[in-house]
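Inspection log for the structure reproduced underneath, given as C-alpha cells.
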Amino acid sequence: MKPSLRIAKREIALLFNSKSVFIFAIVLPFVSILFFNTLLSKGVARNLPVAVVDLDHSAISRNVISQLSAAPEIEVGFFPLNQQKGEELVRLGKVYGLITIPQNFEADLKSGKQVHVINQYNSNLLLPGGLEYKAFRKVIGTISAGVTIEKQRKQGVSIQQAMVNYQPIVSNNRVLSNPYTNYSYYLNTGFLAMFFQIFVMLTTIYCFGADFKYSKGNKLLNITDGNLSAIILGKVLPYTVWFLLVGIIMLFSMYVWQDFPFFGNKFAVLVGLLLLIIANQSYALFFIAFSNSFREALTIGAGFAAVSLSFSGITFPIFGMPTILQWLSQIFPFTHFFELLLDQSQRGFPVFYSLKPIIILVILSIVPISLGWFKLKKLFSKGVFNHSI
Amino acid sequence: MKNLFKLYYKAKISFWNTFSTEWKSIKSDKAVLSTFLSVALIILVVYTYIYSNQVVKEVPVAVINQDATKMSRDYIAMLDATEGTKAITAYTDLQEAKRAYYSKKVEGIVIIPKNFEKNIRSGKQTAITTFSDAANMVFYKRVLGDVSTINGYFSAGIFIKKEMAKGVSLTQAQQNYTPIQAISTSLFNTTSGYATYMIPMLTALIVQLVLLMGIGLLSGSRRETITTHTNFPRLLHKGGTIPVLLAKACLYTAIFMVIIPIQVGIVYTLFAIPVRSSLFLIYVFIIPYVFSVVFLGITISSLFKRREDSIVFLVLLSIPSLMLSGLSFPVEGFSEFYQLISKLIPSTPGINGFVRLTQMEASFLEVLNEWNHLWILTLIYFVLAAISLKIRVKKEAQLLKLYSLKPNKRS
C-alpha cells in the first residue's frame, strides 16, 4: 500500500500545482451544477408569443382571442394585418405560431355553419411548437364544446346530460414520475449527470496524460518498483473519492435544493454513482492505453463522454434508434447509470429492477481496464506517448 | 501619402504571410486536421444516424380490458392503429401491467373500465384511465397524445351516431359536434422529425466547436514553444495585429466555405433533411459567424497554457451554448442573466440564423437581425483578440529577452 500512498500524495500535490487540472476537477463541476440548476429554474415554458390575424373583428372573434391569451402556455403578442405579415413574424422567430380567424366567423357560427380557426405553428422548434399546438387545440376545443352544449341546452337537454353527450368518454390521466411535466426534472437530471461523467473522464485522462506528455511514466514505475496496479490505485483513488463527493453534492442540488421528486432507494443511487465514476475511470485508462498521444486520448475521451448523452436515450429514446446503435448504446456506462437514476428517483421502482444496470456497470468497470492492461504496462515502461502532438 | 502606401503595403505582406503560415500550421498539425475532419463530418454523421428514424413509433402500452365487450375491443383496435402506440393486451390486471412497466416492457398503462359499453349505451359518462411516464417526455407525449386523440374520436363517433339516429345527416352531425373546427398546419418540419430538428442546429454549432478547438490547439502549441511572435513578426509593430487577425479570419472562412457544402451536400442528402436556401445565402450568412468565432477563439485561447486544455474547455462549452441558443428550450424560459450571456456567444445568432435560413424558408432580410448581431460580436471580439494577442507577444518577447533563449522550433 505504501507506494500507492506516495503516488496519491504526489497526485494531490500536482492537483494544487496545476491550474488547469484544478479548474476542471474542482471548480468546473460546481460551475456546471450551478449553471444547470439555475438555467432551467422555471422548468415549464409559459407565455410563448403567438400572433393572431383577426379577419372578422366581431365580439366572438375577440372572445376567442382573449381565451387564447388566457391559456398559460401562450400569449397573444402580435396582431398582424394579414397572413403574409404573420408568416413573416414566424420566420423572424418572433412568434411560435400564427392563428387566423377567418372572415364571417361570427355570422357563420350563428347561422349554424361550421367555421374554422387556422393555426400555423412552427414545428421546427419541437418543444415550443408542440406546446403551442396543444394549447391551441385545447382552447378551440373548449370553445367549440361550449357551443355544442349550448345548442343542446336550447333543445331542452340538461347541462349535465349535454356534457355527457358531448364527451361520453373522458380521459383520466395519471402522470407518473414527473406530474408537473417539468422540463427541468427531465433535462437537468440528464445534463448534470452527463457533465459530471465528462469531468470524471477528462480528469482521469488528464492526470495520466500529463505525466506521459512530460515522460514521467518511468519515474512513477520507479516509485512503485514496477507495480502497475499500485500506480493506478494511487492516481485514481483520490479522484474516485473526490468525485463521489462532488456527485453527492450534485444529487443533493437536484433532490434537496431543487426538490426534484425522489421516490426510490438512496443507497442504490449511491452505488450507481460510485460505479459510474469507476466505469468512467476504467474507460479513461482504456483510451490512454490505446492512444498515440495525450491529445488523442483527450479527444476520444471527451467525444465518448459527450455523445453518451445522445446514446442514453434522453433526447431520443434508444427504442427508436437504428438497431446497430441500440447495441452500441449499451457500451456507454452513462446509459445504464441514467436508467438507474431515473428508476430510483422519479419513477420509484423497486430496487430489484435496478439490479440489471448495476450489474452491467460492474462489467463495464472491469472490462475496459482489463483489455487495456498490457498496453498500459508497455506504455508505462516506455514512459511517454508515441507522439507528442 | 507615401507613408500610407507603405503602411498598406506592409499590411498586405503581413496579411498574406499570416495566411500562409496559418495554413501551413493547420496542414502540418495532424491534430488540427483530424479535429476538423472528425468533428465536422464523423460526429455529424453519427448524430444524424442516431436520430435518423425521426419519430418514435409503436411505443408499447399495456391495455387492461376490464370490460371485454365489442366496443372495448374496438377502442383497443383504434389505439393500436395509431402511429405512436402499440397496444399490448396480454395483461389482465394492474399488478401484472405494473411489473411489465417496471421491467420496461411497456411505457404506459391504459385501463378500460368495467361497464364501458353498458355506460356508453345508457348515456352515462365513462372514464379511460391512463398512466403515462413523464420521466421520459418523448414516450409521455406519444402515449398521452394518442390516447387523448382516440378518446376524442371515440366520443365524437358516439355523438355523431346518436345524432344520426335522430335523423340528422352525417355532415350535419359532424358539424354539430364541432361547430368550430381547429385546423393546425405544422410549418417547416411537418412530421416533427427529430433529425430535421437537431441536425441543422448541430451543423451550425459544429462550426463554432471545430473552429474554437482548432484555434485553441494551434495557439496552445505556439505558446508551448514560444513561437507566436516568430510566426507572426508584424504583431510587435504598431497596428500589426489587424492584418494578422483579418488573415486568420479569412482563412477559416475559406475553409468553411469548403466544409459546409460537403456537410449539407452529403449528410443532408443522405438523411433527407431539407435545405431551403441557396448556398450563396449560407455563405453570406456564415462570414460574420466564422469571423466572430475566430476572434472569440483567439481571445479565449490566451487562457490555455497547454494545447490539450482547449479541447477540454470547448467540449464543455458546446452543450451549454446549444442550450442557450434557445432552440431546445425557449428563451422565454430563461432568466435575464442567461439571456444576456446567450447574446454574447456567437453560436446563439449563428444557430438561429442558420436554422431559420435553411429550415424556415426565411429570406436574407429576415435573418438580418442575426447577421448584424454577428457583425457586432465580430467587432467586440476583434478588439479583445487584438489586445490579448498584443499582450501575449509582448510577454513572449520579454521572456526571451530575460532568459535570452532561442525559441525551439517545433518538430
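Excluded from the calculations below are hydrogen atoms, water molecules and symmetry mates; all remaining heavy atoms, backbone and side chain alike, are included. So you know, we letter chains A, B, ... as the sequences are listed, proteins then strands, and number each from 1. Small disclaimer: the values here were computed from a predicted structure and weren't measured.
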Among side-chain atoms of B:Tyr140 and A:Ser177, is any donor-acceptor pair under 3.5 angstrom?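 No, A:Ser177 and B:Tyr140 have no side-chain donor paired with an acceptor closer than 3.5 Å.
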
We want to know whether A:Ser123 and B:Tyr197 form a side-chain donor-acceptor pair, criterion being a heavy-atom distance below 3.5 angstrom. no

Tell me whether the rings of B:Tyr102 and A:Tyr353 are parallel (<30°), tilted (30 to 60°) or perpendicular (>60°).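 Tilted: the ring planes of B:Tyr102 and A:Tyr353 meet at 30° to 60°.
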
Heavy-atom pairs under 4.5 Å with chain B: which of [options] has the most?
| options | result |
| --- | --- |
| A:Pro317, A:Pro128, A:Ala302 | A:Pro317 |
| A:Tyr133, A:Phe199, A:Phe195 | A:Phe195 |
| A:Asn165, A:Leu202, A:Thr299 | A:Asn165 |
| A:Gln346, A:Met194, A:Lys356, A:Arg347 | A:Arg347 |
| A:Ser310, A:Gly320, A:Ala306 | A:Ser310 |
| A:Leu92, A:Val147, A:Leu127, A:Leu131 | A:Leu92 |

Against chain B, label [X] side chain, backbone, both or neither, depending on which of its atoms sit under 4.5 Å from a heavy atom there.
| X | value |
| --- | --- |
| A:Asp343 | side chain |
| A:Ile23 | side chain |
| A:Asn124 | both |
| A:Leu342 | side chain |
| A:Met163 | backbone |
| A:Leu28 | side chain |
| A:Phe35 | both |
| A:Gln160 | neither |
| A:Glu87 | neither |
| A:Tyr96 | side chain |
| A:Ile324 | side chain |

Counting neighbours of [atom1] on [X] that are heavy atoms of other residues, nucleotides or ligands and sit closer than 6.0 Å, is the number greater than 12?
| X | atom1 | result |
| --- | --- | --- |
| B:Arg121 | CZ | no |
| A:Lys151 | NZ | yes |
| A:Lys110 | NZ | no |
| B:Tyr153 | OH | no |

Among the listed options [options], the residue most often paired with chain A at heavy-atom distances under 4.5 Å:
| options | answer |
| --- | --- |
| B:Phe116, B:Tyr75, B:Tyr101, B:Tyr177 | B:Tyr177 |
| B:Gln172, B:Met201, B:Glu107, B:Lys104 | B:Lys104 |
| B:Leu144, B:Thr129, B:Leu368 | B:Thr129 |
| B:Thr126, B:Val59, B:Val355 | B:Thr126 |
| B:Arg356, B:Gln175, B:Glu370 | B:Arg356 |
| B:Met137, B:Gln359, B:Met360 | B:Met137 |

Nearest-0.5 Å distance, [atom1] of residue [X] to [atom2] of residue [Y]:
| X | Y | atom1 | atom2 | result |
| --- | --- | --- | --- | --- |
| B:Glu163 | A:Gln152 | CD | CD | 6.5 Å |
| A:Arg91 | B:Ser363 | CZ | OG | 6.5 Å |
| A:Gln120 | B:Ser184 | CD | OG | 10.0 Å |
| A:Ser171 | B:Asn151 | OG | CG | 3.5 Å |

Go through A:Val307 and B:Tyr47 one step at a time and tell me if the side-chain contact (heavy atoms from CB on, under 4.5 Å) criterion holds. CA-CA 8 Å; A:Val307 296; B:Tyr47 268 94; 3.6 Å; yes

When every non-hydrogen atom of B:Ile50 is compared with those of A:Phe316, the smallest separation belongs to O-CD2, 3.9 Å

So which atom in B:Gly123 and which in A:Val164 form the shortest heavy-atom distance, rounded to 0.1 Å? O-CG1, 3.2 Å

Side-chain contact, heavy-atom cut-off 4.5 Å: [X] with [Y]?
| X | Y | result |
| --- | --- | --- |
| B:Ile120 | A:Ile169 | yes |
| A:Phe319 | B:Pro60 | yes |
| A:Thr38 | B:Tyr338 | yes |
| A:Val90 | B:Leu187 | yes |

Could you go step by step and tell me if A:Leu39 and B:Leu324 meet the side-chain contact (heavy atoms from CB on, under 4.5 Å) rule? CA-CA 9 Å; A:Leu39 180 68; B:Leu324 284 173; 3.8 Å; yes

When the 4.5 angstrom heavy-atom criterion is applied to B:Lys98 and chain A, the contacting part is neither

Portion of B:Pro320 that has a non-hydrogen atom of chain A nearer than 4.5 angstrom: both

Residues A:Leu125, B:Phe188; criterion side-chain contact (heavy atoms from CB on, under 4.5 Å); working and verdict: CA-CA 9 Å; A:Leu125 305 169; B:Phe188 317 128; over 6 Å; no

Test log, rule side-chain contact (heavy atoms from CB on, under 4.5 Å), inputs B:Ile158 and A:Gln167: CA-CA 9 Å; B:Ile158 294 160; A:Gln167 207 176 25; over 6 Å; no

